[in-house]
Amino acid sequence: MPETPLSESRVPADQKKAADKTTAETEQEFISNVRNKLETWLRVSQDWRSEVQEDFEMTVGGKKQWRANDRTILEGEQRPVLTFNALHPTINFISGYQIDRWQDPRAFPRGSEDEALGRDATAFLKYAMDVAHGEYQFHMQFRKGSIGGLSVMEIGHSFERTDDIIEGDANLVVLPQNAWYCDPGAREYDRNDAWWQGKLMWMGIEEARNHPGWEGKAFSYSFTGLWDATGADPRTTGVPDQLLTEFFAKESQQIRVMQHWYRVPTKIVLVVDSATQTILPMKSEAEAEKFLKTLRDQAGAAIAARFQPTTSGEQAGLQNVETGEILPFATPEAADQQLKTIKLQAGQEISSKYRVLVRDRTALRVAHLTAWDLLDDGPSPYLDDWRMPFSPFIPFQDTDDLYAMKGVIRDLKDAQRELNWNHSTLQDELVRGPKSGWWLPKDMEAQVEDLKNRIHRSGFLGTYNSQPPQPVQPAIMSEGFMRLMQFDIDAVMRISGYNAELLGQTTQKTVSGRAIQARQAGGLVGASSMMLRWKLTQVYTFTLLMKRIQQFWSEQKMLRVLGQDQRIAQAMGIFGQTVEPAEQLVARFKRLKEIEFDLKVDFQEASPTGRQAVFNRLMQITAAGWPTPPEILLEAGDFPYKEEMKAALKAKGMQPPNEALAKVLGAGQGQGSSPDGVNKSA
């Protein structure tokens, strides 16, 4: 049998049993605490999550836009249940507006570091975005947030589904709707003041059993067990309708796993160099004191090495080994005491340059549970251990109330339901209403059925005995219902703030282009508040993405991403001022991993005319001599094939102007132009 570890063999059996019991009780207390937190969130957010679910159903359209009792009334009366979905085009517009104004982020070193570090960091962010399909994920987060009022993206790092199995890749994942939960007491926009956050996941039992660190776990419960005790509607906890039966069936072998992030109080001990403002983190105050003592001892030993005790007859002294100068003392003991004093003063002088700071902080931890077994619990795997890895997008929230979080759809639902009701009622009147008729002599009664098949369908066919009654006229389409429907459509646009010009639905032909642009600009102003919050979301997301790059990317991976030109140049032997050696790049990448960056997020101009104006202004200052990088000019221009042009610019550099082509293009700008581009009209 294997040898018992010494540390365990020294623990008495009764004490070990008591320790195991304490650990088990602590674990059960932790599980109970986490469960209470989840149930608190589910309870306080129940009404809000139901509204969010309804917001998404309203956007999908169809029968989902009808309340169940209204639909039952119409179906019971055999009336049409129709939808005239005006919400989906609104979401399409605002989502298209977001992607149309998209610009890649830019990173700037927070200190006085080399500007090249910012360009490198920006390129790494772009690469990480491409690998993680970031532009698509951001678009989905914006779209879902604009519908339901909240969407959450997780910024993590994984070795799964990546070509880089050595270092892995950062990933950006928009969480399923309502699968994220949070401390309801959090108030900051990014929710980093929350004491706990988490997400609810589905995993196959075999997948969970093979997960690293979860080997041997019981997995004794599925979500259909104790999880149902939360009382939450499964649709409002991130479970799509079509998966309810599949995932909840025992045969599916699926379990619900909760990833719970939480903060614990801790103390941060720092040693600060007052001269250079260098900050050295320490594990404890004792370690900080030990560090300062080492500095004092080293400084004292260094100064003491400059002196050597000497004796001459009855007189003692200390000789400076560098200058040869001798400091006389009456006795050797006095010389030794002076040497100790010199060492002490030198140690105090060096330690006085440092100060110890102790701050109360919180450390971030993460645990995985299934209802209700604890699978693992440990510190955050990310170095930014105070930042939650979840980035929320909240389009509107005017108060601290949870119910105040909403998207575009919340205020449009009543107008949409009214539009559907009026549309269905109008259709019902048209179908059921009288459509004139045919009155036939009594002796033709036998031919009625045959005539029904031969004559175009009308309101009715009937016979009369002697005098026919007055014919019933066909129903006239209700003008009131038509006006109501138009009012409802206008109400959707007025409430959302997006006018017909923005949505491309205007039918006016006498409005000038300038007036249309003015209306479009006014409509876009209404989206500014949402776009400001979207900018906050992007900045936080890119901050976390930059930290993932700094933590998990090695200098060699950075060189693989940006060093292709360096390798080609090295192979061709053309190193010069424009090509940096790989060693120099690696040294710069090492600095990049250690500094802080500020992330800048901007939007493009909303209209092509505005974007062209920006490009023209850049060209003007460039012509005046301003050193505008060609990459910025290319990014500002409203050109297709930008990525291909960037690659060509990187490979070949700027090319000399083509004067012949410039003349041809210049000639085409005015009527009657001469081939050299100069108008010569009288």
Side-chain angles (χ1 to χ4, degrees), residues 18-45 152 154-157 180-200 213 257-273 277-292 354-392 400 402 536 540-541 543-544 546-548 550-551 596:
D20 291 342
K21 182 179 180 181
T22 302
T23 302
E25 290 177 351
T26 303
E27 180 176 309
Q28 290 303 315
E29 290 175 1
F30 175 77
I31 293 173
S32 177
N33 187 21
V34 172
R35 180 175 179 178
N36 287 336
K37 287 179 169 58
L38 175 63
E39 291 179 345
T40 297
W41 166 259
L42 295 177
R43 183 170 58 254
V44 302
S45 66
V152 181
E154 182 180 10
I155 301 90
H157 182 270
W180 174 78
Y181 65 91
C182 178
D183 177 2
R187 291 293 178 267
E188 294 179 2
Y189 178 77
D190 58 17
R191 297 303 190 261
N192 262 315
D193 57 335
W195 277 90
W196 42 270
Q197 293 184 26
K199 66 174 181 177
L200 303 172
V257 175
M258 180 170 64
Q259 186 183 84
H260 183 75
W261 298 77
Y262 64 101
R263 303 185 187 280
V264 293
T266 186
K267 289 185 180 295
I268 303 296
V269 181
L270 305 172
V271 175
V272 182
D273 187 337
Q277 293 301 308
T278 302
I279 299 176
L280 304 174
M282 297 290 167
K283 295 181 179 180
S284 63
E285 293 181 72
E287 181 177 311
E289 181 55 38
K290 182 179 179 180
F291 172 77
L292 293 180
Y354 293 84
R355 56 195 179 103
V356 178
L357 296 179
V358 180
R359 296 284 187 265
D360 290 328
R361 297 288 296 274
T362 58
L364 192 62
R365 296 178 63 85
V366 58
H368 289 86
L369 305 92
T370 184
W372 292 95
D373 298 318
L374 181 62
L375 303 177
D376 62 32
D377 181 21
S380 167
Y382 306 123
L383 293 180
D384 48 305
D385 60 353
W386 67 271
R387 292 180 177 89
M388 294 286 185
F390 304 109
S391 179
D400 287 339
L402 184 66
L536 292 176
Y540 181 64
T541 302
T543 298
L544 292 183
M546 187 71 243
K547 289 185 175 296
R548 302 293 181 265
Q550 290 176 303
Q551 177 179 353
E596 293 289 329

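The residues of the chain are indexed from 1 along the displayed sequence.
For Arg387 and Tyr382, the positive end is not near the middle of the six-membered ring at less than 6.0 Å and at most 45° from its axis.
The CG atom of Leu280 sits 9.5 Å away from the CG atom of Leu292 when rounded to the nearest 0.5 Å. Separation of atoms CG (Asp376) and CG (Leu369) is listed at 8.5 Å; rounding is to 0.5 Å. Rounding to the nearest 0.5 Å places CE of Met282 at 4.5 Å from CZ of Phe291.
Here the shortest heavy-atom pairing between Asp190 and Pro392 reads O-CD, 3.8 Å. Nearest heavy-atom pair across Val358 and Lys267 is CG1-CD, 4.2 Å. Heavy-atom minimum distance, Arg263 versus Asn192: NH2-O, 2.7 Å.
Of the candidates Trp196, Phe30, Trp195, Tyr262 forms a ring-ring contact (aromatic ring centres under 6.0 Å, His included) with just one, namely Phe30.
One finds a salt bridge joining Asp377 and Arg365 here, because a Lys/Arg side-chain nitrogen approaches an Asp/Glu carboxylate oxygen to under 4.0 Å. Between Glu285 and Lys290, no side-chain nitrogen of the basic residue sits less than 4.0 Å from a carboxylate oxygen of the acidic one, so the salt-bridge criterion is not met.
Residues Leu402 and Pro184 form no side-chain contact, since every pair of their non-hydrogen atoms from C-beta on lies 4.5 Å or further apart.
Gln259 and Trp261 are linked by a side-chain donor-acceptor pair at a separation below 3.5 angstrom, with hydrogens and angles left out of the test.
Atom CZ of Arg355 has 12 or fewer neighbouring heavy atoms from other residues, nucleotides or ligands inside a 6.0 Å radius.
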